[in-house]
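As structure tokens, the structure follows; a few thoughts come after it.
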Number of protein chains: 2
Amino acid sequence: MGKQSTEMLKGTLEGIVLATLAVQPAYGYEITARLREQGFTDIVEGTVYALLIRIEQRGLVDVEKVPSEKGPPRKVYSLNAQGSEYLEEFWSTWSFLADRIEQLHQNIARTNDQGEN
Amino acid sequence: MGKQSTEMLKGTLEGIVLATLAVQPAYGYEITARLREQGFTDIVEGTVYALLIRIEQRGLVDVEKVPSEKGPPRKVYSLNAQGSEYLEEFWSTWSFLADRIEQLHQNIARTNDQGEN
DNA sequence: TACCAGTACTCAGCAACACCAAGTACCAGA
DNA sequence: TCTGGTACTTGGTGTTGCTGAGTACTGGTA
């Protein structure tokens, strides 16, 4: 999707991953794969792993090492209480932003309508 | 709104400003003031000016110096054809992202409902 | 006159984040 | 043995918004 999505993901990717973990615990490789399935085709593994380490260090998730039949052990992340709280903040920040932008979008549509008549 | 909104603004603030200019040409100080009125109370002047210089260098806006009765001359920015095109891309990128996140939000709501019953 | 507040823009340095690229390690099947 | 899939790590880069200070011009006030 070009460079715009890269910048737009900053700050939101974190929320997306936390939201994913809220639905169900998961490990890095799995999360990356799911994101790609959901349309974030350009997401790089390194990005996701770095993000997971960050949210772990902030105490938003609990980690458990689980052996895998095929490869190194998996680090399974699950959202904890603090993470849920943080996710709630994310939703409200996101909603605020989305509302403003939606409003702007409608303002423009209205401006264009006036221009056309 | 804390640090979350700072990161979330990355990439979107540009679109917000371009969208503002699409409605009506404006100068930096004015844009900053409008953003604050719209709820982005923490927006700093320096951020907006830097952004304006960036989009000017990318050729997304035209600039015109207009004398002011009270203070230094104003640099009035207006969206040009290239900027409109770029703004269209912004809308589509944004819509994609907003859709995914909205979907995630609903997934969580559904998960919680199941948990409660 | 001197000073301050409001207007309007500039600039150097910083922190956070996503990307890039390469690497490690483990297993199964050809 | 070697390839491909799984799974995680790490060092470096570029973009972006924030911080904080500075410049400059005007009008009002003591």
Side-chain angles (χ1 to χ4, degrees), chain A residues 1-18 25-36 40-58 60-61 63-77 86 90 93 97, chain B residues 1-18 25-36 40-58 60-61 63-77 86 90 93 97:
Chain A
M1 295 227 57
K3 205 179 54 185
Q4 282 195 25
S5 67
T6 291
E7 290 307 322
M8 224 180 276
L9 274 179
K10 289 187 180 177
T12 54
L13 183 60
E14 188 177 278
I16 292 171
V17 169
L18 288 174
Y27 55 98
Y29 192 81
E30 189 185 5
I31 295 171
T32 307
R34 276 200 211 157
L35 287 172
R36 290 204 175 125
F40 298 102
T41 49
D42 298 342
I43 287 288
V44 187
E45 291 181 76
T47 299
V48 176
Y49 287 116
L51 193 159
L52 289 171
I53 288 171
R54 245 166 25 229
I55 60 178
E56 179 188 353
Q57 284 173 347
R58 289 200 210 132
L60 306 178
V61 288
V63 192
E64 192 189 358
K65 275 213 173 173
V66 178
S68 161
E69 327 81 54
K70 36 170 84 175
R74 299 165 173 169
K75 289 177 72 177
V76 176
Y77 294 82
Y86 188 85
F90 172 79
T93 306
L97 190 61
Chain B
M1 296 228 58
K3 205 179 53 184
Q4 283 195 22
S5 68
T6 290
E7 289 306 321
M8 228 180 274
L9 274 180
K10 291 189 180 176
T12 54
L13 183 59
E14 190 178 275
I16 292 171
V17 169
L18 288 174
Y27 54 98
Y29 192 81
E30 190 185 4
I31 295 172
T32 308
R34 275 199 211 157
L35 287 172
R36 290 203 176 126
F40 298 102
T41 49
D42 298 342
I43 287 287
V44 187
E45 291 180 77
T47 299
V48 176
Y49 287 117
L51 192 159
L52 289 171
I53 288 172
R54 247 169 19 230
I55 62 178
E56 179 189 353
Q57 284 173 347
R58 288 200 210 133
L60 306 179
V61 288
V63 191
E64 193 189 359
K65 274 212 174 175
V66 178
S68 162
E69 328 81 54
K70 36 170 83 173
R74 298 166 173 168
K75 289 177 75 177
V76 176
Y77 294 83
Y86 188 84
F90 171 80
T93 306
L97 191 60

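Every chain is numbered from 1 and lettered A, B, ... according to where its sequence line falls, protein lines coming before strand lines. Since the model is a prediction, treat every value here as computed from it, not as a measurement.
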Might you list the N or O atoms of the protein lying below 3.5 Å from N or O atoms in nucleotides 19-26 of chain D, with each pair's distance?
none

E7(A) CD to dT13(D) P: how many Å, rounded? 18 Å
For Y49(A) against Y29(A), the heavy-atom pair lying closest together: OH-N, 3.3 Å
Just jot down the side chain to side chain donor-acceptor pair (under 3.5 Å) partners of K75(B), sequence neighbours excluded, or say none. none
Whole-Å distance separating the CD atom of Q4(A) from the C1' atom of dG14(D): 17 Å
List, with names and distances, any nitrogen or oxygen atoms from the protein found under 3.5 Å away from nitrogen or oxygen atoms belonging to nucleotides 28-30 of chain D.
none

Nearest 0.5 Å, please: how far is CD in E7(B) from CD in E7(A)? 10.0 Å
Do the side chains of L35(B) and L13(B) get nearer than 4.5 Å, heavy atoms only? yes
According to side-chain contact (heavy atoms from CB on, under 4.5 Å), who are the partners of T32(A), at least two apart in sequence or on a separate chain? R36(A), I43(A), E45(A), V48(A)
Just so I know, are the side chains of T47(A) and L9(A) near enough to count as touching, which here means a heavy-atom distance under 4.5 Å? no
Can a side chain N or O of R74(A) be found less than 4.0 Å away from OP1 or OP2 on dC8(D)? no
What are the two closest heavy atoms between P25(B) and V76(B), and how far apart are they? CB-CG1, 4.0 Å
If the condition is side chain to side chain donor-acceptor pair (under 3.5 Å), which residues does Y27(B) pass it with, not counting sequence neighbours? R74(B)
Closest approach of G28(A) and L52(A), non-hydrogen atoms and distance? CA-CD1, 3.5 Å
On DNA chain C, check which nucleotide each of I43(A) and Y77(B) is closest to and give me the residue with the more 5' one. Y77(B)
Any Y49(A) side-chain N or O less than 4.0 Å from OP1/OP2 of dT9(D): no
What is the distance, rounded to the nearest whole Å, between atom CD of E30(A) and atom P of dG5(D)? 19 Å
Considering residues at least two apart in sequence or located in another chain, which fulfil the ring-ring contact (aromatic ring centres under 6.0 Å, His included) criterion with F40(A)? F96(B)
First and last nucleotide of DNA chain C in contact with chain A, 5' to 3', at under 4.0 Å to a heavy atom: what are they? dC17(C) to dC27(C)
Going by the rule side chain to side chain donor-acceptor pair (under 3.5 Å), which residues pair with R58(B) if we only count those two or more places apart in sequence or in a different chain? E14(B)
Does L97(B) form a side chain to side chain contact (heavy atoms under 4.5 Å, CB included) with I16(A)? I'd like the steps, not just the answer. CA-CA 10 Å; L97(B) 191 60; I16(A) 292 171; 4.1 Å; yes
Within residues 9-16 of chain A, the residues having a heavy atom closer than 4.0 Å to DNA chain D are K10(A)
Return yes if some donor-acceptor pair links the side-chain N/O of Y86(B) with the main-chain N/O of G15(B) below 3.5 Å, else return no. no
M8(A) CE to dT16(D) P, in whole Å, measures 11 Å
Do F90(B) and L18(B) make a side-chain contact, defined as non-hydrogen atoms from C-beta onward lying under 4.5 Å apart? no
Please state how far atom CZ in R54(B) lies from atom C1' in dT15(D), giving the value in whole angstrom units. 7 Å
K65(A) NZ - dT9(D) C1' separation (whole Å): 11 Å
Just how far, in rounded Å, is C1' of dT10(D) from CD of Q57(A)? 13 Å
